[in-house]
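Right, one structure below, let's go through it.
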Amino acid sequence: MSGSDGPRPVRRRTFVLGTAAAAGTAALAGPLAAPASAAAFGWTDDGANYVVDTGASLVFKVGKTNGDLTSLVHRGVEYQGYGGMNSHIESGLGASTVSVKQSGSTILISVAHGTLKHYYAARSGENNVYLWTNKADASVSATRYIVRVKKGLFLNDEPDSYTYTTSTIEASDVFAKSDGQTRSKHYSRLRVTDYTHIGWTTGSVGLWIVRSNHEKASGGPFYRSLLRHQSADGGGLYEILYYGQNQTEDQRFGLQGPYVIAFTDGGAPSSSLFPGTLTTPWADSLGIAGYVGASGRGRVACVGITGRNTAYPYTVGLANSTAQYWGPARASDGYHSIGGVLPGTYTLTVYKSELAVYSTQVTVSAGSTTTLDTIAIPASNDPDNASAVWRVNEWTGTPAGFKNADLMTYAHPSDVRAASWTGNVVIGSGSETSAFPCYVWKDVNSGLLVYFRLTAAQAAAAHTLRIGVTTAYANGRPQVVVNDTWTSAVPSPPAQPNTRSLTNGSYRGNNHTFTYSVPASAWRTDTGQYNVLKIDVVSGSGTTGFLSAGTAFDAIDLLA
């Protein structure tokens with residue numbers, strides 16, 4: 001296809017998201033090899049842009065006055081641009097100082113806008129653009145880099161697309177199709193730890209963003225944010241540097257990257273570009289602000305973790321106010337190793353699924369490994385180890401297993417595929433968890449009833465009721481009533497994000513456990529009768545429907 005032909009329509013293909021699990025096979029596709037007719041590696045100045053030819057099949061342009069990516073031509077086809085907009089930080093930085101230099105087989109374009117520094121790098125013979133962004137403070141609203149892709153080149157009708165939708169159902173970013181299914185750019189399904197790259201493929205051409213290691217991002221390994229979108233005007237691929245939606249941490253500042261715009265022959269990008277694998281010794285001497293090479297970093301390693309519930313994966317995270325890292329604990333023994341860590345003191349947290357069950361402090365030094373003895377998780381740190389009269393769901397820090405939980409990471413609660421949000425729960429029925437809605441809203445399904453029986457001995461004693469939540473919207477929190485005779489106090493709202501969450505694909509907030517001391521006088525003494533627990537969501541905030549105050553559940557149990 002030549003440049004004069006322009007982009008021709010391609011048949012619709014299901015998109016591909018790169019996951020950590022796919023990393024083992026991704027290397028087979030790799031970047032495209034340079035054709036025999038490829039131009040020489042180098043850069044020119046066309047007056048308005050610095051034009052970089054990678055010497056492979058990729059030519060891109062960066063605006064000399066604003067630092068925007070103004071053109072992205074692969075095999076003669078222009079991919080950049082929709083709606084008259086370029087690819088850039090946020091919606092564009094505006095007036096910036098832009099310079100270019102070539103160092104052997106690397107070309108670096110540097111963009112300065114106030115305290116923000118941004119970089120594009122090209123390597124000879126590669127169909128990749130390497131990017132770094134250094135946000136030094138809050139003076140510039142830089143939270144994302146977006147690659148804007150022309151319409152008609154890649155099409156999909158997946159959850160994070162709204163190409164074929166017919167109506168807006170919430171804000172200006174959640175849509176409904178005529179068949180009742182919902183679409184939104186927020187519905188990516190994935191947590192940060194689940195993916196290495198995002199993009200599209202036609203089968204013969206793939207366009208991807210390979211994410212950075214997110215060491216200066218916020219939210220940890222289980223954070224969800226928008227990754228891409230598709231509409232009638234074109235598509236967008238994102239590297240999120242800081243995303244304010246459902247955020248649990250303060251913004252971190254400093255250099256993020258590299259993240260990579262990669263073209264392939266239709267397959268996944270090379271695994272050598274993936275976070276945790278990518279090394280850039282060629283960038284050590286480029287003068288990138290905030291850049292720390294491999295020699296200036298350290299490692300944390302631990303011989304194992306005991307006290308685990310081996311039915312669940314465990315993740316180990318490192319975090320302080322300036323950086324974050326994470327990695328999986330080996331299923332067999334809990335061994336873990338996290339490399340590429342900036343020097344400093346970190347809180348090390350062990351997660352059972354997404355529930356924090358252990359933490360300690362570790363100090364990392366450049367050029368060395370901090371080795372830890374076996375971590376022993378105390379039995380009391382895992383709520384599942386407490387003896388219970390009954391328990392609905394296991395404590396994992398997620399709503400997984402509850403009704404509609406899986407759907408809610410890629411659909412709106414009003415989606416036609418969602419089971420009814422109302423309905424009561426009977427302990428001992430065998431369907432307690434699947435019948436219990438993952439979310440409860442003040443204006444939708446508050447007043448959920450849980451039926452259970454107690455033995456005479458159990459009914460003669462006071463018990464502690466625990467309700468675990470993963471996040472809340474508009475300060476929604478549970479108040480309980482037992483047998484219409486005992487009502488708990490209204491609990492104080494725990495610290496939670498103050499943006500939408502339950503309706504834009506995220507249950508991830510701050511895990512919190514509410515406890516209620518229920519006196520023996522509240523129970524029914526007739527062991528043949530059901531006790532009735534009513535769970536209401538209370539709050540003075542929120543609006544109506546699915547934007548009324550609500551909360552997401554992790555587990556609920558009555559302790560013995």
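Residue numbers count from 1 along this sequence. Since we're looking at a predicted model, the values are computed, not measured.
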So that I can tick it off, tell me whether [Y] and [X] are bridged by a salt bridge, with the cut-off set at under 4.0 angstrom between side-chain N and carboxylate O.
{"X": "R228", "Y": "E239", "result": "no"}
{"X": "R500", "Y": "D173", "result": "yes"}
{"X": "D384", "Y": "K352", "result": "yes"}
{"X": "D157", "Y": "R183", "result": "yes"}

Atom pair [atom1] ([X]) and [atom2] ([Y]), whose distance is rounded to the nearest 0.5 Å:
{"X": "K216", "Y": "L342", "atom1": "NZ", "atom2": "CG", "value": "5.5 Å"}
{"X": "H186", "Y": "R224", "atom1": "NE2", "atom2": "CZ", "value": "14.0 Å"}
{"X": "T513", "Y": "I556", "atom1": "OG1", "atom2": "CD1", "value": "11.5 Å"}
{"X": "S96", "Y": "L116", "atom1": "OG", "atom2": "CG", "value": "8.0 Å"}
{"X": "K61", "Y": "S71", "atom1": "NZ", "atom2": "OG", "value": "5.0 Å"}
{"X": "L241", "Y": "Y145", "atom1": "CG", "atom2": "OH", "value": "11.0 Å"}

Taken in chain and number order and not counting sequence neighbours, the residues that satisfy side chain to side chain donor-acceptor pair (under 3.5 Å) with S110 are none
[X] side chain to [Y] side chain, donor-acceptor N/O pair below 3.5 angstrom:
{"X": "Q361", "Y": "T347", "value": "yes"}
{"X": "R299", "Y": "S337", "value": "yes"}
{"X": "R148", "Y": "Y82", "value": "yes"}
{"X": "H412", "Y": "E170", "value": "yes"}
{"X": "S139", "Y": "T115", "value": "yes"}
{"X": "T70", "Y": "N49", "value": "yes"}
{"X": "H336", "Y": "Y314", "value": "no"}
{"X": "T163", "Y": "Q230", "value": "no"}
{"X": "Y410", "Y": "T182", "value": "no"}
{"X": "S506", "Y": "Q245", "value": "no"}
{"X": "Y291", "Y": "D284", "value": "yes"}
{"X": "N320", "Y": "T322", "value": "yes"}

Taking [X] for the side chain and [Y] for the main chain, is one N or O donor matched with an acceptor at less than 3.5 Å?
{"X": "R477", "Y": "N475", "answer": "yes"}
{"X": "K403", "Y": "T422", "answer": "yes"}
{"X": "H113", "Y": "A95", "answer": "yes"}
{"X": "T470", "Y": "G509", "answer": "no"}
{"X": "K135", "Y": "V140", "answer": "yes"}
{"X": "D160", "Y": "Y187", "answer": "no"}
{"X": "D68", "Y": "N86", "answer": "no"}
{"X": "Q256", "Y": "N134", "answer": "no"}
{"X": "N127", "Y": "L58", "answer": "yes"}
{"X": "N404", "Y": "A419", "answer": "yes"}

Residues S353, T398; criterion side-chain hydrogen bond (donor to acceptor under 3.5 Å, both in side chains); working and verdict: CA-CA 8 Å; S353 186; T398 80; 4.7 Å; no
Residue pairs, two or more places apart or on separate chains, that pass salt bridge (Lys or Arg N to Asp or Glu O under 4.0 Å) and touch residues 405-418: D415-R417
Tell me if the aromatic rings of W421 and W441 count as close, with their centers under 6.0 Å from one another. yes
Close aromatic pair by centroid cut-off 6.0 Å: Y195 and H197: no
Considering all heavy atoms of both residues, which atom of [X] and which atom of [Y] are nearest to each other, and what is their separation?
{"X": "P383", "Y": "L355", "value": "CD-CD2, 3.7 Å"}
{"X": "A552", "Y": "L502", "value": "CB-CD2, 3.9 Å"}
{"X": "W200", "Y": "G236", "value": "CH2-N, 3.6 Å"}
{"X": "E215", "Y": "Y325", "value": "OE1-OH, 2.7 Å"}
{"X": "T315", "Y": "P221", "value": "CG2-CG, 4.3 Å"}
{"X": "I169", "Y": "S414", "value": "CD1-OG, 3.6 Å"}

In sequence, state the C-alpha distance, the side-chain angles, and the governing distance for Y223 and V192, and then conclude on side chain to side chain contact (heavy atoms under 4.5 Å, CB included). CA-CA 6 Å; Y223 187 67; V192 177; 4.2 Å; yes
Report, as yes or no, whether the 6.0 Å neighbourhood of atom CG on D179 holds more than 12 heavy atoms from other residues, nucleotides or ligands. yes
Do T133 and H118 pass the side-chain hydrogen bond (donor to acceptor under 3.5 Å, both in side chains) test, and can you show the C-alpha distance, the side-chain angles, and the key distance before you say yes or no? CA-CA 4 Å; T133 304; H118 181 68; 2.8 Å; yes
Taking the six-membered ring of Y50, is the NZ or CZ of K64 close enough (under 6.0 Å from the centre) and on axis enough (within 45°)? yes
Partners of R191 by salt bridge (charged side-chain N to carboxylate O under 4.0 Å, His left out), sequence neighbours excluded? D194, E354
Worked verdict on Y351 versus F222 for ring-ring contact (aromatic ring centres under 6.0 Å, His included): CA-CA 10 Å; Y351 299 91; F222 313 122; 5.1 Å; yes
Would you call the rings of F60 and Y120 parallel, tilted or perpendicular, taking 30° and 60° as the class edges? tilted
Go through it in stages, so that I can follow the logic: the residues are V174 and T503, the test is side chain to side chain contact (heavy atoms under 4.5 Å, CB included), and I'd like the CA-CA distance, side-chain angles, deciding distance and then a yes or no. CA-CA 9 Å; V174 182; T503 59; 5.9 Å; no
Between L226 and I240, does the side chain to side chain contact (heavy atoms under 4.5 Å, CB included) criterion hold? Intermediate values first, please. CA-CA 8 Å; L226 64 93; I240 297 298; 4.1 Å; yes
4.5 Å side-chain heavy-atom contact, V469 and N511: no
Any side-chain heavy atom of L255 sitting closer than 4.5 Å to one from W132? yes
For Q479 and Y516, run side-chain hydrogen bond (donor to acceptor under 3.5 Å, both in side chains): C-alpha distance rounded to whole Å, both residues' side-chain angles, the deciding distance at 0.1 Å, then the answer. CA-CA 9 Å; Q479 182 182 32; Y516 310 84; over 6 Å; no
From CA spacing to verdict: side chain to side chain contact (heavy atoms under 4.5 Å, CB included), N66, L93: CA-CA 6 Å; N66 57 16; L93 295 173; over 6 Å; no
